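The sequence lines fix the lettering, A, B, ..., with proteins before strands; numbering per chain opens at 1. All figures in this text were calculated on a predicted structure; none of them were measured in a lab.
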Amino acid sequence: MTMTNPQTTTANNGVNVQALLGAKKALTDTPEAARFTWRASSEWLQGTHSRATIDGFYGLGAEQRHRTSYQFHMDHPEVFASEDHGATPVELLLVGLAGCLTAGIAAVAQNRNIQLRSVKATLKGGMDLRGILGACDETRNGFDGIEVHYEIDADATADEIAALVAQSQKRSAVFDALANPTDISVTASKV
Amino acid sequence: MSGRSSRRPAGTVDVVVIGAGHSGLAMSRVLGQRGVEHLVLERGEVANSWRTERWDSLRLLTPNWMTRLPGQAYQGDDPDGYMSAPEVADFIAGYAVSTAAPVMTRTTVTSVVPCEGGYRVVTDRGGFNCRAVVLASGAFSEAVVPRVAEALPPSIMQQSAHRYRNPAQLPPGGVLVVGASATGLQLAHELAQAGRTVTLAVGEHVRLPRVYRGRDIQHWMLESGVLDQRIEDVDDPERARRVPSPQLVGSKERATLDLNALREQGVEIVGRLAGVRDGKALFSGSLRNVCALADLKLNRLLDAVDAFIAQQGLDDEARPAERYPATAVPASPRLQLPLGSDVRSVLWATGFRPSYSWLHAPVFDRDGALKHDRGVVAAPGLYVLGLPYLRRRKSSFIHGAEDDVRELAAHLVGHLDAESERLGSSRPRKGMAVA
């Protein structure tokens with residue numbers, strides 16, 4: 001049987017996979033550097049409207065900064081009698097999941113030498129409002145399920161694309177954070 | 001052939017092999033053929049763990065025709081069957097006899113320490129100075145139990161697959177089986193057959209049909225070279241060594257045991273055990289993805305087998321190619337399971353690991369794992385055998401011992417020769433029998 005290699009050219013999805021593989025090796029050897037702390041700060045503005053700011057984080061044994069600071073407005077929609085100055089917080093969870101899975105797909109595709117042309121995701125999170133309204137003890141506050149659908153145009157078979165998406169979920173931080181319990185500590189102090 | 005008769009002090013031997021299981025005895029046989037003086041130390045009887053550390057219904061994952069060691073093949077009348085643990089023990093014990101292996105049974109090693117010229121091996125029946133040590137004490141000495149076990153309510157009985165023997169050991173009522181390797185699936189199947197309500201927590205797993213295109217899947221994996229794949233040719237060796245054992249069972253019916261079969265039997269499939277809170281087991285929402293990963297990987301393997309069959313011109317004699325239904329995941333997999341009244345026991349099928357608590361040498365990494373390069377441990381004259389993917393995919397299987405043992409024995413002999421030369425050749429070696 002003659003094996004032909006269809007991938008004589010090199011895919012370029014704009015992901016520096018060599019850097020990622022180098023980081024894997026380096027962080028395996030020095031686990032202290034692998035300790036990261038991600039941070040956000042937020043401030044109430046008015047009503048249900050608040051603004052979050054992202055600028056610094058800790059990792060590789062030192063304080064790090066984003067190239068610039070990013071701001072996100074969050075609010076509730078008008079159907080909740082709010083003024084809708086931004087996405088609802090639960091929508092931002094979906095945004096985080098999409099960002100994480102899509103970045104993973106690009107990185108895995110790069111590593112597997114698969115050229116991507118278009119990667120589009122739609123996400124749906126189902127929720128029974130009676131949970132957060134306290135109207136039903138059996139109903140949870142959060143999503144009762146999340147559906148993500150990807151439409152991907154790439155130099156790959158349907159199975160190879162499915163494998164990209166599956167591998168991305170396996171390595172996704174946000175997928176893990178949503179799929180598994182996380183211990184959360186919330187404290188407050190009077191100023 | 002025994003190539004040496006140099007006089008040496010009592011308690012001195014060139015090589016100590018620790019463990020008289022299939023690996024240690026295979027090494028003994030090859031060392032004997034090379035004329036290397038050695039001793040095999042065994043804490044119990046030959047094939048001890050096969051006699052004392054296996055559940056009652058366990059059978060090998062490989063068919064009898066594959067069960068072979070250097071110089072000994074399966075001779076029985078059921079080549080397509082699968083040996084029970086006592087049958088494996090007898091096979092290995094027979095090998096010890098036929099190879100006249102120099103085994104000291106009922107001799108427990110209490111410490112191995114580097115010393116001048118090699119190692120000091122201390123046992124409960126005296127000590128030995130030797131020039132090299134082969135660790136062949138097995139890959140499955142201890143159960144790996146995740147830390148979440150500590151959070152289980154005290155009223156819940158916990159059992160590891162290492163100590164589990166049969167369903168009657170577990171208190172009446174439902175059982176949560178954690179882990180979806182061969183072990184977890186076999187135990188979930190057996191408990192469901194015994195009438196238990198079984199919940200199976202499923203993380204990453206490897207799905208395989210028992211028989212494909214008319215032959216045992218192991219036949220195709222062997223013939224196509226998959227089992228001979230070398231660790232140095234693998235992208236991520238660390239990961240390859242951690243891959244759980246494939247979902248297989250050795251039964252008379254040669255039936256496939258997968259998650260779909262278990263669901264038909266009434267076993268409830270849930271995600272990986274992610275935590276315990278308020279007396280409830282919490283499961284990961286990743287079930288769909290781990291099943292998708294396993295299904296995709298299964299199909300890639302079957303594609304490779306089909307390509308091999310075509311390439312070999314075997315399409316006419318093999319049964320037609322098949323693809324199996326995707327793993328059926330419940331529409332909304334359960335995320336919580338109250339422990340206590342209905343579910344009274346948890347069975348950990350979360351893996352095994354070797355134990356070298358008696359080895360006192362700087363050969364462990366920060367996670368406590370033995371540092372070695374394909375069996376050559378990170379200390380001169382120290383070798384290890386039988387670990388998953390030690391040198392090849394087949395390394396932890398009985399039939400996988402032979403190639404590894406031959407290569408590591410050659411390395412070991414090279415080490416002894418180099419040491420002899422360095423020390424001015426005061427010790428005769430290989431082929432230099434003193435008349």
So for atom [atom1], which belongs to [X], do other residues, nucleotides or ligands contribute more than 12 heavy atoms lying within a distance under 6.0 Å?
X        : atom1 : result
A:Arg130 : CZ    : no
A:Glu63  : CD    : yes
A:Gln71  : CD    : yes

Under 4.5 Å from any heavy atom of chain B, what part of A:Thr182 do you find: side chain, backbone, both or neither?
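The answer is the backbone of A:Thr182.
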So what's closer than 4.5 Å to chain A heavy atoms on [X]: side chain, backbone, both or neither?
X        : value
B:Gln312 : neither
B:Arg300 : side chain
B:Leu335 : side chain

Heavy atoms only: give me the nearest A:Ala179-B:Ser286 pair and the separation to one decimal.
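Minimum heavy-atom contact is CB-N, 4.3 Å.
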Closest heavy-atom pair, A:Asn180 versus B:Gly285, reported as atoms and distance to 0.1 Å, is OD1-N, 4.4 Å
Counting heavy-atom pairs under 4.5 Å with chain B, the top scorer among A:Lys170, A:Lys24, A:Gln167 is A:Lys170
ring-ring contact (aromatic ring centres under 6.0 Å, His included) contacts in which one or both residues fall within residues 75-106 of chain A, not counting sequence neighbours:
A:His49-A:His85, A:His76-A:Phe80
Spacing of B:Leu296 atom CG and A:Ile161 atom CD1 [to the nearest 0.5 Å]
11.5 Å
Measuring from A:Asp176:CG to B:Ser284:OG, what's the distance to the nearest 0.5 Å?
7.0 Å
Which residues, numbered in order, of residues 230-241 of chain B come under 4.5 angstrom of chain A by heavy-atom distance?
B:Asp236, B:Arg239
